Each structure stands twice: as C-alpha cells, then as structure tokens.
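Only one structure is covered here, and it is reproduced in the block below.
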Protein chains: 2
Amino acid sequence: MPRPATPPLGVLLARTAKTAGQAFDRALAEVGGSQPVWQILIALKTRRHASQRELADAVGIQGATLTHHLNGMETAGLLTRTRDPENRRVHQVELTDYGERTFHRLADAAIAHDKRMRHGFTDDEITTLAALLSRLAENVTQPDP
Amino acid sequence: MPRPATPPLGVLLARTAKTAGQAFDRALAEVGGSQPVWQILIALKTRRHASQRELADAVGIQGATLTHHLNGMETAGLLTRTRDPENRRVHQVELTDYGERTFHRLADAAIAHDKRMRHGFTDDEITTLAALLSRLAENVTQPDP
DNA sequence: TATTGTTATACTCTATAACTATA
DNA sequence: TATAGTTATAGAGTATAACAATA
C-alpha cells in the first residue's frame with residue numbers, strides 16, 4: 001500500500017511562510033512599515049551594535065542592502081547617521097523621536113498580527129511550534145557535515 | 001513574576017522562513033531551478049488546471065506574474081502553451097519532456113533539502129509541525145471575522 | 001460586455017563589484 | 001594595506017493597469 005505522502009516540509013514551510021509573510025507585509029504596510037524596516041528597528045532597539053556590518057548581520061542582510069534601507073529610513077526621518085569621533089570610519093545609527101514612535105506603531109501592528117496568528121493555539125502549542133521552528137532553522141543554517 | 005517573554009511568533013516564523021527559504025533557493029539553484037518555477041511545476045504535475053488563472057491561484061500569484069514565469073519557462077523549453085480549440089481564450093499549458101525531467105531533478109533536490117531540514121526530528125514531530133503550520137496559515141488566510 | 005491572458009511598467013528586496021574615507 | 005561604509009548596477013519576484021483576443 002502506498003505510503004501516505006509525507007508532506008514535503010520545505011514546501012509546506014515555504015507556503016506557510018509566504019502566506020503569513022504577505023499577511024504580515026499588509027499589516028505593517030497599513031501603518032507605514034515593511035518587514036526589513038521592522039527588522040532593522042528591532043535590531044536597533046534590542047541592543048547597541050558596534051558597526052553597520054554587525055547590524056546587517058543581525059538583520060541577516062548584506063552591508064550594501066542595509067545601506068539601501070538606512071538611506072530610505074534616514075530620508076523618512078526615522079534615524080540619523082553620524083560618524084563616530086573615536087573612529088570616523090564607523091557610523092553611529094540612532095533613532096529619532098519619530099523613529100521611536102514608528103517602532104512602537106509597528107510593534108503594535110506586529111503584536112496584533114501575532115495575536116491573530118495564534119488564534120486557537122494553546123500556550124503549549126506555541127512553545128512547541130517555536131521550538132520546532134528553531135531546530136528546523138538550525139538544521140538549515142549549520143554547514144553540511 | 002513576569003511571564004517568560006512569549007516569543008513573537010511572526011518574527012520567529014519570518015526569520016525561519018527566510019533562512020529556510022534562502023537555503024531552499026540555493027538547493028534549487030544548484031540544479032537550475034527556483035521556488036516559483038518549482039511551485040509551478042508542482043501545480044502542473046499535481047492536477048490539470050482549467051485555466052492559467054486557476055494555475056496562478058494554485059501557486060498563489062497574480063496572473064501577470066504567472067505569465068512572466070511561464071514566458072521564462074517556455075523560453076527555457078520546459079513547457080508549451082497552445083490555445084484550447086474548444087475555447088480559444090484559454091491557453092493549455094503542457095510540460096515538455098525536458099520539463100518533466102526538470103521536474104524530477106528539482107524534486108530530487110527538494111527531497112534532499114527536506115531530508116536535511118528534518119534531521120533529528122521524529123515522525124511525530126514532523127506531523128505536529130506540519131499540523132501547526134497548517135493551522136497557522138489558516139488563521140492568516142481567513143478573512144477577519 | 002465579460003473573460004482569458006499578455007504587455008508595459010514599476011516597485012521592493014536583494015546582491016556583487018567598484019569606489020571613498022578613514023585608519 | 002585593511003576596514004567601514006556607500007554608490008552603481010543588476011537581477012529576481014511581484015504587482016497594477018492597460019491592452020488584445022475571444023466569447
């Protein structure tokens with residue numbers, strides 16, 4: 001008898017992520033945000049980064065890609081970039097008040113989005129899902145053995 | 001006592017999906033594929049679609065976006081488009097032999113990728129994860145109540 | 001008029017390579 | 001020379017709007 005088609009996890013994950021990602025995009029767009037901007041804001045609020053390179057790593061993008069987003073965010077008035085007097089090669093990125101307010105606005109949208117996604121899930125299920133996703137990410141991140 | 005910070009599921013999912021998606025991209029690229037092409041091939045192999053519109057829906061993209069990919073796939077020799085004699089507005093999309101072979105090549109890569117992702121997971125865990133992801137996607141797909 | 005699909009155009013995210021400025 | 005960051009350029013994926021063909 002044919003084995004019940006093991007659901008291709010990659011396909012399922014890709015599909016779920018796409019659906020959820022698009023919904024998240026819409027949620028953020030409604031309050032004037034986007035996923036990269038949100039990720040960068042989180043990284044900036046979470047902890048101080050020694051350099052933009054480090055910030056780019058935290059967000060998971062290349063330096064040039066980060067520059068691209070920082071340009072947009074600076075133009076939008078979310079942040080300022082100033083050279084570090086100690087080492088003028090390094091640029092210090094700082095959120096403006098407007099950047100702070102934007103962070104909170106996006107955070108509210110993200111929380112609402114999360115709440116919607118969690119609907120009908122128990123705390124245990126959330127914990128399980130989070131743990132499984134983390135392990136899955138590790139499997140894919142680790143250099144092949 | 002402070003509740004242990006509930007991990008923002010959206011962020012975790014987005015991050016995992018990005019990581020896994022990029023890894024999947026690389027795996028498919030190594031054999032000359034991409035995620036949209038792979039999704040379209042799956043949709044074509046899985047069942048007959050009445051129209052490109054239906055095919056686009058199955059893949060989760062707009063009609064014009066599908067046309068864009070079909071153009072590339074036709075140029076690459078993966079498929080042919082011919083008008084349905086019954087209703088000449090409708091285009092019949094059919095895989096060529098090369099398209100079939102490409103499907104199998106990408107399938108092998110996708111299976112290998114899946115195997116890698118599943119590493120260390122029990123069957124039960126996979127089942128659980130798949131079920132949770134499905135429910136999560138539903139929450140996000142359903143029009144707000 | 002309605003439906004199916006294509007073309008034209010543009011936007012976002014991403015990347016690599018070459019460059020500038022500092023050290 | 002090496003490091004931090006930017007600029008220039010390009011490519012992939014997606015979308016909307018206008019259009020052509022067919023019914």
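Predicted model, so just to flag it, every value in this text is computed and none were measured. Just so we're on the same page: letters track the sequence lines, and every chain starts at 1.
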Contact state string [nucleotides 13-20 of chain D, B base, S sugar-phosphate only, - no protein heavy atom under 4.0 Å]: SBBBB---
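- The nucleotide range of DNA chain C contacted by chain A, defined by atoms under 4.0 angstrom from heavy atoms of the protein and reported 5' to 3', is dC13(C) to dA23(C).
- Rounded to 10°, the angle separating the first-five-pair axis and the last-five-pair axis of the helix from dT1(C)-dA23(D) to dA23(C)-dT1(D) equals 30°.
- Under the side chain to side chain donor-acceptor pair (under 3.5 Å) criterion, no residue pair touches residues 10-23 of chain B, with sequence neighbours excluded.
- The stretch residues 109-137 of chain A participates, sequence neighbours left out, in these ring pair (Phe, Tyr, Trp, His ring centres under 6.0 Å) pairs: Phe24(A)-His113(A).
- Taking every heavy atom of residues 38-55 of chain A and every atom of DNA chain D, pairs under 4.0 Å involve Ser51(A), Gln52(A), Arg53(A), by number.
- Counting only residues at least two apart or on different chains, the side chain to side chain donor-acceptor pair (under 3.5 Å) pairs with a member in residues 23-37 of chain B are Asp25(B)-Gln35(B).
- Between Asp57(A) and Arg53(A), none of the side-chain N atoms (NZ, or NE/NH1/NH2) sits under 4.0 Å from a carboxylate O, so this pair counts as no salt bridge.
- Residue pairs that meet the salt bridge (charged side-chain N to carboxylate O under 4.0 Å, His left out) test with at least one member in residues 60-85 of chain A, sequence neighbours left out, are Glu74(A)-Arg81(A).
- Partners of Phe103(B) under the ring pair (Phe, Tyr, Trp, His ring centres under 6.0 Å) rule, at least two apart in sequence or in another chain, are Trp38(B).
- Across residues 72-80 of chain A, not one residue has a non-hydrogen atom less than 4.0 Å from an atom of DNA chain D.
- Every residue two or more places apart in sequence or in another chain was checked for a side chain to side chain donor-acceptor pair (under 3.5 Å) with Arg48(B), and none qualifies.
- Looking at residues two or more places apart in sequence or on another chain, you find a salt bridge (Lys or Arg N to Asp or Glu O under 4.0 Å) between Glu125(B) and Arg135(A).
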